[in-house]
Novice: 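Dumping the structure here so I can ask a few things about it.
Order of the sequence lines sets the chain letters (A, B, ...), proteins ahead of strands, with each chain counted from 1. Side-chain atoms are counted along with the backbone in the values below, which use heavy atoms only and exclude waters and symmetry mates.
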Amino acid sequence: MHDIRSIRDNPAAFDAGMARRGVEPLSSRILELDQERRSCQTQAQELQARRNEASKLIGAYKKDGKDAQPLLDEVAAIKEKMPQLEEREKELGAELDRILASYPNIPAPDVPDGKDEHDNVEIRRIGIPTEIAGARQHFELGEALGLMSFDLAAKLSGARFTVLRGQLARLERALGDFMLDIHTTEYGYEEVSPPLLVKDDAAFGTGQLPKFTEDLFQTTNGFWLIPTAEVPLTNLVNDAILDGEELPLRLTARTPCFRSEAGSAGRDTRGMIRQHQFYKVEMVSITRPDQSAAEHERMTDAAETVLKRLGLPFRTVTLCSGDMGFTAQKTYDIEVWLPGQGAYREISSCSNCGDFQARRMKARFRAKGEKATQFVHTLNGSGTAVGRCLIAVLENYQQADGSILIPEALRPYMGGLERIAAHG
RNA sequence: GGAGAGGUGGCGGAGUGGUCGAACGCGUCGGUCUCGAAAACCGAAGUACCCGCAAGGGUACCGUGGGUUCGAAUCCCACCCUCUCCGCCA
């Protein structure tokens, strides 16, 4: 959601920001609507003020036995005019809100310009890509172990689902636990167990609605299945006025995520890279504006720490203006090395949304000693996608005999197990 | 699912047609008092929007949306939500 006042103050900056997203200039249209809307509002308010005044007088006149008829006539005339103005104002307001809510966030100044993922900028590379002769992909490994089945999942649910069992099911659980422990004990995130079904308001607040309904699953009675814990975690502060001293607020959750994956037909069809349902550990930070840039780095560091501890090679890229998500001002993607694919694949995405979501949610704070409220900044990041992390462990720790070595850091979470092998 | 009760400011809780943006209490903030604190006393304090350089003025909001009325927190209708009891259930 864009701020109409900042567009009023600097329409050129707004258009320039949109241009970086590949959006045509639209400030003049917005300002026209805004101008007319405010004019209607002012007129309606003046009439209303007069009506309130007259109504009071009518009461007084009647009490004193004076003739109130002229006032009654005046009010009747006002009642003719008002509905038109109010109706018009409502229409214009709705149209304005629709526009302000349907264009993406403006990229931060330090975000590289570009069209798509080819223009993203690598900022660091940690670890050396594992070289494994004849490296196999995760689904080959998992199926050979007899602990990962796409056939069984298809029988139950169709394409884009996976059944994990035995030590692979446990590995998934262990990874999530491991990640949560890092974020809660080392980075100060509070663990949350949120609803997985949310109402329209929540989905609007974080930007899934109204534009991206086709990406979501909806229940027959209108709930949306969360596509990420970002939705419930961020909306925890909707319509709130927080104490500036309490920020940043840091929240984390491991939840299933549900995505329809409409429009991704044919992409990543093998294996469990792209699923309708997957676990993800999500981090959300609610900050003051002056804190959000540093918090963004900190959050990204938390996600990277997970991969470092697991000994997984990765690189971090800054997304270019054309590749960022709808709500983001700036985004770091972390891409983990998958030897089986011989490629870096996204495993985390950490975004600073500025006040874009806060304005939709009406999430504000009051700075110490100040009377006025300001919108908070919101950040969200995967820390990390559990399913994809499991894939990364399988591919990076695969042994020639098809077994999987378990990273040291994970062994306490696996009851001391060192290796996953068939029949193991 | 059945029956009942209820949704008012940070909280509790008055208020059934007109000076009600809303009594009162608690909590919060500022001050007086005090060596300091407590108590007591005095005072301040909702959110959003519009007009205005400003000072200031105005409008809306008492779950949501409609309606009645010159005038609605108060009356009418619909919806949503919460709580209690019963049933069912992880």
Side-chain angles (χ1 to χ4, degrees), chain A residues 1-9 30-101 193-205 209 218-224 232 235-247 249 255-256 355 357-376:
Chain A
M1 187 88 161
H2 289 285
D3 178 12
I4 183 64
R5 267 177 289 193
S6 80
I7 299 175
R8 254 181 238 154
D9 292 346
I30 289 173
L31 291 181
E32 239 171 72
L33 285 170
D34 178 49
Q35 187 60 47
E36 195 187 344
R37 197 197 107 256
R38 282 191 291 162
S39 155
C40 285
Q41 182 180 16
T42 303
Q43 290 177 59
Q45 286 184 357
E46 279 166 3
L47 288 177
Q48 183 68 49
R50 179 55 198 157
R51 189 181 79 158
N52 289 344
E53 192 183 3
S55 289
K56 278 185 186 169
L57 285 172
I58 288 168
Y61 277 33
K62 285 193 165 170
K63 204 191 278 177
D64 299 347
K66 288 201 264 183
D67 177 20
Q69 195 53 46
L71 286 168
L72 287 168
D73 292 343
E74 184 185 348
V75 169
I78 289 174
K79 284 182 78 172
E80 288 274 308
K81 268 178 87 176
M82 282 249 304
Q84 301 164 30
L85 282 167
E86 282 175 342
E87 177 68 15
R88 183 72 184 137
E89 188 206 334
K90 222 167 151 183
E91 274 171 30
L92 291 162
E95 173 67 359
L96 199 56
D97 283 346
R98 195 190 61 71
I99 293 174
L100 293 175
S193 176
L196 308 180
L197 269 51
V198 297
K199 299 188 287 186
D200 288 357
D201 279 357
F204 177 84
L209 296 186
Q218 187 172 32
T219 66
T220 51
N221 54 353
F223 287 118
W224 301 95
N235 278 287
L236 248 22
V237 299
N238 81 3
D239 201 33
I241 299 175
L242 306 168
D243 177 355
E245 299 295 297
E246 289 170 5
L247 302 178
L249 181 64
T255 68
D355 62 8
Q357 292 178 323
R359 190 168 284 111
R360 290 174 162 251
M361 294 190 299
K362 297 185 181 33
R364 294 150 291 169
F365 75 97
R366 202 187 313 273
K368 190 173 187 172
E370 303 241 332
K371 196 168 159 1
T373 61
Q374 298 176 57
F375 287 110
V376 298

Novice: Could you work out the separation of B/U19 and B/G71 based on their P atoms and round it to a whole Å?
Specialist: 14 Å

Novice: Specify the residue among A/K90 and A/K62 whose closest nucleotide of RNA chain B lies further upstream toward the 5′ end.
Specialist: A/K90

Novice: How many Å lie between CD on A/E245 and P on B/U28, as a whole number?
Specialist: 17 Å

Novice: Between B/G65 and B/U74, how far apart are the P atoms? Round to whole Å, please.
Specialist: 13 Å

Novice: Can A/K90 and A/E87 be counted as an ion pair, charged N to O under 4.0 angstrom?
Specialist: no

Novice: Looking only at atom C1', what distance separates B/A14 and B/G21, rounded to whole Å?
Specialist: 15 Å

Novice: Is there a residue in residues 41-50 of chain A whose heavy atoms reach under 4.0 Å of RNA chain B, and which residues are they?
Specialist: A/Q41, A/T42, A/Q45, A/Q48, A/A49

Novice: Counting side-chain heavy atoms from C-beta on, which of B/C70, B/C49, B/A48 comes nearest to A/T373?
Specialist: B/A48

Novice: Output all residues satisfying salt bridge (charged side-chain N to carboxylate O under 4.0 Å, His left out) with A/E91, sequence neighbours left out; order by chain, then residue number.
Specialist: A/R88

Novice: Provide, to the nearest angstrom, the distance between the CE atom belonging to A/M361 and the P atom belonging to B/A48.
Specialist: 15 Å

Novice: Determine the interatomic distance between C1' on B/A3 and the same-named atom on B/G17; round to the nearest Å.
Specialist: 33 Å

Novice: Can you identify which nucleotide, out of B/G66, B/U47, B/C50, has its nearest atom closest to the A/R38 side chain?
Specialist: B/C50

Novice: Are the charged groups of A/R38 and A/D34 less than 4.0 angstrom apart, N to O?
Specialist: yes

Novice: Separation of A/E36 atom CD from B/C50 atom C1', in whole Å?
Specialist: 16 Å

Novice: If I take atom CE in residue A/M82 and atom P in nucleotide B/U69, what distance separates them, rounded to the nearest angstrom?
Specialist: 15 Å

Novice: Is it true that A/S39 and A/Q43 share a donor-acceptor pair across their side chains at a distance under 3.5 Å?
Specialist: yes

Novice: Looking only at atom C1', what distance separates B/C41 and B/A60, rounded to whole Å?
Specialist: 37 Å

Novice: So if I take every side-chain heavy atom of A/R5 and compare against B/C70, B/C49, B/U47, which nucleotide ends up nearest?
Specialist: B/C49

Novice: How long is the span from the CZ atom in A/R8 to the CZ atom in A/R5, to the nearest 0.5 Å?
Specialist: 7.0 Å

Novice: Distance check: side-chain N/O of A/K79 vs OP1/OP2 of B/G71, anything under 4.0 Å?
Specialist: yes

Novice: Find the distance A/L72:CG to B/U69:C1' and express it as a whole number of Å.
Specialist: 11 Å

Novice: P atom, B/G9 versus B/A48: distance in rounded Å?
Specialist: 16 Å

Novice: Across the strands shown, which category fits A/R8 at heavy-atom distances under 4.0 angstrom: base, sugar-phosphate, nothing?
Specialist: sugar-phosphate

Novice: Mind running salt bridge (Lys or Arg N to Asp or Glu O under 4.0 Å) on A/E95 and A/R37 for me, showing each step along the way?
Specialist: CA-CA 10 Å; A/E95 173 67 359; A/R37 197 197 107 256; over 6 Å; no

Novice: What distance, rounded to whole Å, do you find between the two C1' atoms, one in B/C51 and one in B/G12?
Specialist: 38 Å

Novice: Give me the distance, rounded to whole Å, that separates B/G13 from B/U8 when you measure between the C1' atoms they each carry.
Specialist: 9 Å

Novice: On RNA chain B, compare the nucleotides closest to A/I58 and A/I4; which residue's is nearer the 5' end?
Specialist: A/I4

Novice: Calculate the interatomic distance between A/D34 atom CG and B/C50 atom P; express it in whole Å.
Specialist: 8 Å

Novice: Distance check: side-chain N/O of A/N52 vs OP1/OP2 of B/A60, anything under 4.0 Å?
Specialist: yes

Novice: Please give, in whole Å, the distance from B/C49 P to A/L92 CG?
Specialist: 18 Å

